[in-house]
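Below you'll find the structure, written out as structure tokens, and then a few comments.
Here the structure is a predicted model, which is why all the values come from computation and not from measurement.
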Amino acid sequence: MSRKVLCIDIGNTNVVFGISTDDWNNFEFKHFRITTNHLITIDEVSLNLFSILNYFDVRRDEIFRVVISSVVPEVDVQFRYGILNVIGVEPVFVKPEDTGIRIEYNNINEIGSDRLVDALAGKVLYGSDCIIVDTGTATTIDVLRDGAYLGGVIMPGIQTSLYAIFQKASKIPKISLDTPKRVVGKTTEECLRSGIILGLAKGIEGVINEIFKELNYSNFKVIFTGGLSDKIFELVNISNKFIDKELMLKGLKLIASRLES
């Protein structure tokens with residue numbers, strides 16, 4: 001019987017489930033995304049998990065390890081017991097010490113586990129000097145230098161910025177998130193798309209250039225990840241950049257492998 005690891009990324013907007021084998025050098029995943037429900041029940045977690053395993057034709061007894069990054073602590077108990085109900089495995093919720101990374105941050109308990117999991121994956125898969133741009137509910141930019149986590153920057157995400165505008169400006173229309181064709185919009189929708197998407201991309205570009213100046217070093221690999229990374233990747237004019245939308249799942253699998261060693 002093949003053994004499998006279940007990696008779960010609980011974010012403010014979505015929960016991503018990734019299933020992979022216990023081949024620690026293989027980072028292929030079967031993944032499934034659901035909307036985060038801050039009021040989810042244990043029964044709903046159980047039903048979602050049961051449905052996902054059936055969808056991928058994975059038996060419950062094949063899952064031997066469950067690793068979770070959560071930035072929504074109010075649902076952690078529900079996920080813990082839902083997983084125990086369906087799989088019978090005690091899930092591991094990632095803590096800073098699980099990554100094995102040297103952390104140079106004033107209070108490590110303030111760092112979201114998602115940022116540290118991304119950092120681990122960036123370090124192992126891309127090198128000790130890297131900048132990770134994660135585009136989610138918030139856009140986070142995290143810096144590793146000589147393998148140490150230095151800290152980073154937090155900016156509003158694309159959807160968060162759009163939601164704020166919709167809430168405060170009654171005449172603002174809903175827009176698609178297509179890549180802007182030009183900077184100077186000819187309609188309100190084009191203006192919004194340019195401002196939100198291009199504005200964020202150029203904000204990221206500017207922050208990264210400021211990081212280069214502050215650290216007096218520019219030979220970083222810059223990894224873009226997160227659900228909306230493909231919307232801004234090509235718009236950020238920096239060299240040595242990569243896109244890896246499964247970086248978080250890869251980091252969780254790396255932690256699972258550390259737990260086995």
Side-chain angles (χ1 to χ4, degrees), residues 4-20 22 24-34 36 63 65-73 75-76 79-80 83 89-105 107-145 147-154 157 220-229 242-261:
K4 293 181 171 58
V5 58
L6 172 62
C7 302
I8 305 177
D9 171 22
I10 304 176
N12 286 296
T13 303
N14 294 121
V15 179
V16 180
F17 298 80
I19 300 173
S20 189
D22 65 348
W24 303 121
N25 296 312
N26 181 344
F27 290 101
E28 294 181 0
F29 290 89
K30 298 176 179 178
H31 49 78
F32 199 93
R33 181 183 300 263
I34 65 173
T36 302
I63 305 291
R65 176 74 71 190
V66 181
V67 183
I68 300 175
S69 166
S70 174
V71 296
V72 190
V75 305
D76 288 357
F79 271 83
R80 176 175 181 263
I83 289 163
V89 170
E90 181 73 48
V92 174
F93 286 84
V94 175
K95 303 182 294 298
E97 56 267 27
D98 294 329
T99 65
I101 294 176
R102 187 170 81 254
I103 300 173
E104 299 179 5
Y105 203 81
N107 183 351
I108 63 172
N109 295 317
E110 290 180 355
I111 313 172
S113 62
D114 54 339
R115 298 171 69 184
L116 293 177
V117 172
D118 275 344
L120 172 63
K123 176 182 175 180
V124 172
L125 301 175
Y126 292 90
S128 297
D129 298 326
C130 63
I131 296 173
I132 299 150
V133 181
D134 193 338
T135 56
T137 305
T139 296
T140 57
I141 302 174
D142 292 297
V143 183
L144 277 89
R145 180 78 169 98
Y149 178 86
L150 303 186
V153 176
I154 301 175
F220 289 95
K221 291 182 179 177
V222 182
I223 306 111
F224 288 77
T225 190
L228 296 173
S229 52
F242 306 85
I243 187 166
D244 189 339
K245 298 192 75 168
E246 294 188 342
L247 191 70
M248 172 67 66
L249 294 179
K250 292 175 181 179
L252 288 170
K253 183 167 182 177
L254 285 167
I255 289 173
S257 71
R258 288 173 57 85
L259 295 171
E260 290 299 294
S261 61

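Heavy-atom minimum distance, I103 versus P96: CD1-CB, 4.0 Å. Nearest approach of V89 to I63, heavy atoms of both residues: CG2-O, 3.6 Å. Between S20 and K253 the shortest heavy-atom distance is OG-NZ, 2.8 Å. Annotation for I68 and L252: closest pair C-CD2, 4.1 Å, computed over non-hydrogen atoms. Across R258 and E97, no two heavy atoms sit closer than the pair NH2-O, 4.4 Å. Heavy atoms only, all atoms of each residue included: V5 and A256 are closest at CG2-CB, 3.8 Å.
Looking at S113, its side chain never comes within 3.5 Å of a backbone N or O of S69 through a donor-acceptor pair. Between the side chain of T36 and the backbone N or O of G11, at least one donor-acceptor pair lies under 3.5 Å. Side-chain atoms of N14 do not come within 3.5 Å of backbone N or O of V16 as any donor-acceptor pair. Panel note: side chain K245, backbone G227; a donor-acceptor pair is recorded below 3.5 Å. R65 places no side-chain N or O within donor-acceptor distance of the main-chain N or O of L6, the cut-off being under 3.5 Å.
You'll find the side chain of T140 stays beyond 4.5 Å of the side chain of T135, heavy atoms only. Contact of the V67 side chain with the V94 side chain is registered, since non-hydrogen atoms from C-beta on lie closer than 4.5 Å. In this structure, the side chains of R102 and Y149 stay at 4.5 Å or more apart for every pair of heavy atoms. Annotation: side chain of V133 is in contact with side chain of V222 (closest heavy-atom distance under 4.5 Å).
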Checklist entry - Could you go step by step and tell me if I10 and V75 meet the side chain to side chain contact (heavy atoms under 4.5 Å, CB included) rule? => result CA-CA 9 Å; I10 304 176; V75 305; 3.9 Å; yes
Next on the checklist: Would V92 and L259 count as a side chain to side chain contact (heavy atoms under 4.5 Å, CB included) here? Give the steps.
Outcome noted: CA-CA 9 Å; V92 174; L259 295 171; 3.9 Å; yes
Checklist entry - Checking side chain to side chain contact (heavy atoms under 4.5 Å, CB included) for the pair L125/F27: CA distance, chi angles, key distance, verdict? => result CA-CA 11 Å; L125 301 175; F27 290 101; 3.9 Å; yes
Next on the checklist: If you apply the rule side chain to side chain contact (heavy atoms under 4.5 Å, CB included), what do you find for I243 with T225, and how did you get there?
Outcome noted: CA-CA 6 Å; I243 187 166; T225 190; over 6 Å; no
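Looking at D244 and K250, a side-chain N of the basic residue comes within less than 4.0 Å of a carboxylate O on the acidic one, giving a salt bridge. One finds no salt bridge joining R145 and E104 here, because no Lys/Arg side-chain nitrogen approaches an Asp/Glu carboxylate oxygen to under 4.0 Å. Residues R115 and D118 are not paired through a salt bridge, judged by the lack of any N-O separation under 4.0 Å between the basic side chain and the carboxylate.
Aromatic ring centres of Y126 and F242: separated by under 6.0 Å.
Defined by atom type and a distance below 3.5 Å, a donor-acceptor pair is present between the side-chain atoms of S70 and D76.
Distance check: I255 CD1 to K95 NZ gives 9.5 Å after rounding to the nearest 0.5 Å. Interatomic distance, CZ of F220 versus CG of D129, reported as 5.5 Å (0.5 Å rounding).
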